[in-house]
Amino acid sequence: RANRPKELELKYSDESVETWTLTDEMTPQVFTPKTPKNTSKIRLRIKSVYSGSAFPDTGLSEVMIFDGAPSPRLEAKVSASSEFPPDGESYLATNVSDGLQDTYWCEGVEEGDGVGEFLMFDFGRTVTVKTLEILNGMGGGLDLYKKGNAASVVTAQFSDGSTKALTLKPFPLLQRADLGGKTTSSVKLTISAVRKGTDYNDLCISEAYFKP
């Protein structure tokens, strides 16, 4: 009903400029600079829009900027409270660390919606975890994501018993949650609240791993 950006002009701190064209779809869109950029800021200017049917205002829901720094993962043995039975595809806990967005862990409790289910990450040693990176729900596209349940809040429990609740955003892209540099030998990631899907009452997570 409102205007949507069509062309976005990006201006970097070195004054270079490039323009990206967005499609008129309610879905996350990912762009990569033509050449790698070292910059201290990015200015986004809306150059043109898709017109809305009711309002003259233009809106953006989310803007996320990812840097190109190396992203080492902490190796962990992953297990789960339950797993959905295979049906030609597998829904194992280990799918969350395979690097593939279109494979996922799904909980296997028939009566539940995923609340109370958990993933356990055992590092086998004491490590410092700073960041959780998670691709919530069923990956592979917005339509598939909407069909199943996805976590809206997860609670991380560390080996010393302390916990931290993390609110997740409702989209099928990799997102990052700050853990503040916690020293631990394991993390239990419990589903505390869910966003219900349109077709399936099963909760899935595509990717989840921790970084130092």
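Treat the numbers as computed from the prediction; the structure is a model and nothing was measured.
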For [X], does the [atom1] atom have more than 12 heavy-atom neighbours from other residues, nucleotides or ligands under 6.0 Å away?
X: Gln157; atom1: CD; answer: yes
X: Glu89; atom1: CD; answer: no
X: Arg45; atom1: CZ; answer: no
X: Asn38; atom1: CG; answer: no
X: Arg1; atom1: CZ; answer: no
X: Lys37; atom1: NZ; answer: yes
X: Lys164; atom1: NZ; answer: yes

Margin query: List the residues meeting side chain to side chain contact (heavy atoms under 4.5 Å, CB included) with Asp57, not counting sequence neighbours, and say none if there are none.
Written below: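 Scan of Asp57 (side chain to side chain contact (heavy atoms under 4.5 Å, CB included), adjacent residues dropped) gives Phe55.
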
Checklist line | Listed partners of Asp98 passing side chain to side chain contact (heavy atoms under 4.5 Å, CB included), at least two apart | finding: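 By the side chain to side chain contact (heavy atoms under 4.5 Å, CB included) rule, Asp98 matches Asn95, Leu100, Thr103, Glu207.
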
Next item on the list: Assign the ring pair Trp20 / Phe31 to parallel, tilted or perpendicular, where the plane angle (0 to 90°) is split at 30° and 60°.
Entry: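 The arrangement is parallel - the two ring planes meet at less than 30°.
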
Notebook entry, point to check: Got a sec, which residues hit ring-ring contact (aromatic ring centres under 6.0 Å, His included) with Tyr145, two or more places apart in sequence or on another chain?
Noted result: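 Testing Tyr145 for ring-ring contact (aromatic ring centres under 6.0 Å, His included), a comparison that skips the adjacent residues, returns none.
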
Next item on the list: Could you tell me whether the side chain of Ile134 reaches within less than 4.5 Å of the side chain of Gln175, counting heavy atoms only?
Entry: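 The answer is yes; the side chains approach within 4.5 Å.
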
Notebook entry, point to check: So do the side chains of Leu44 and Leu10 get within less than 4.5 Å of each other, counting heavy atoms only?
Noted result: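 Sidechains of Leu10 and Leu44: in contact.
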
Next item on the list: Verify side chain to side chain contact (heavy atoms under 4.5 Å, CB included) between Glu117 and Trp105, making sure each step is shown before the conclusion.
Entry: CA-CA 11 Å; Glu117 296 294 301; Trp105 163 69; 4.3 Å; yes

Ion pair present between [X] and [Y], side-chain N to carboxylate O less than 4.0 angstrom?
X: Arg43; Y: Glu9; answer: yes
X: Lys34; Y: Glu18; answer: no
X: Glu7; Y: Lys47; answer: no
X: Lys146; Y: Asp199; answer: no
X: Asp24; Y: Arg4; answer: yes

Next item on the list: Dump the intermediate steps for side chain to side chain contact (heavy atoms under 4.5 Å, CB included) on Phe158 and Thr163, then the final yes or no.
Entry: CA-CA 6 Å; Phe158 307 99; Thr163 61; 5.9 Å; no

Notebook entry, point to check: Taking atom types as modelled and ignoring hydrogens, do the side chains of Thr126 and Ser185 form a donor-acceptor contact shorter than 3.5 angstrom?
Noted result: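 No, no side-chain donor-acceptor pair sits under 3.5 Å.
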
Check: Applying the 4.5 Å side-chain criterion to the ILVMFWY set and letting contacts propagate, would Leu132 and Leu203 be lumped into a single cluster?
Finding: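 Yes.
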
Next item on the list: State yes or no: do Phe123 and Leu179 share one hydrophobic cluster built from I, L, V, M, F, W and Y residues joined by side-chain heavy-atom distances below 4.5 Å, directly or via other members?
Entry: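 The answer is yes; both residues are in one hydrophobic cluster.
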
Margin query: Determine whether a donor-acceptor pair (N or O, by modelled atom type, separation under 3.5 Å) exists between the side chain of Asn149 and the backbone of Asp113.
Written below: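 Yes, the answer is positive, given that a donor and an acceptor are paired below the 3.5 Å cut-off.
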
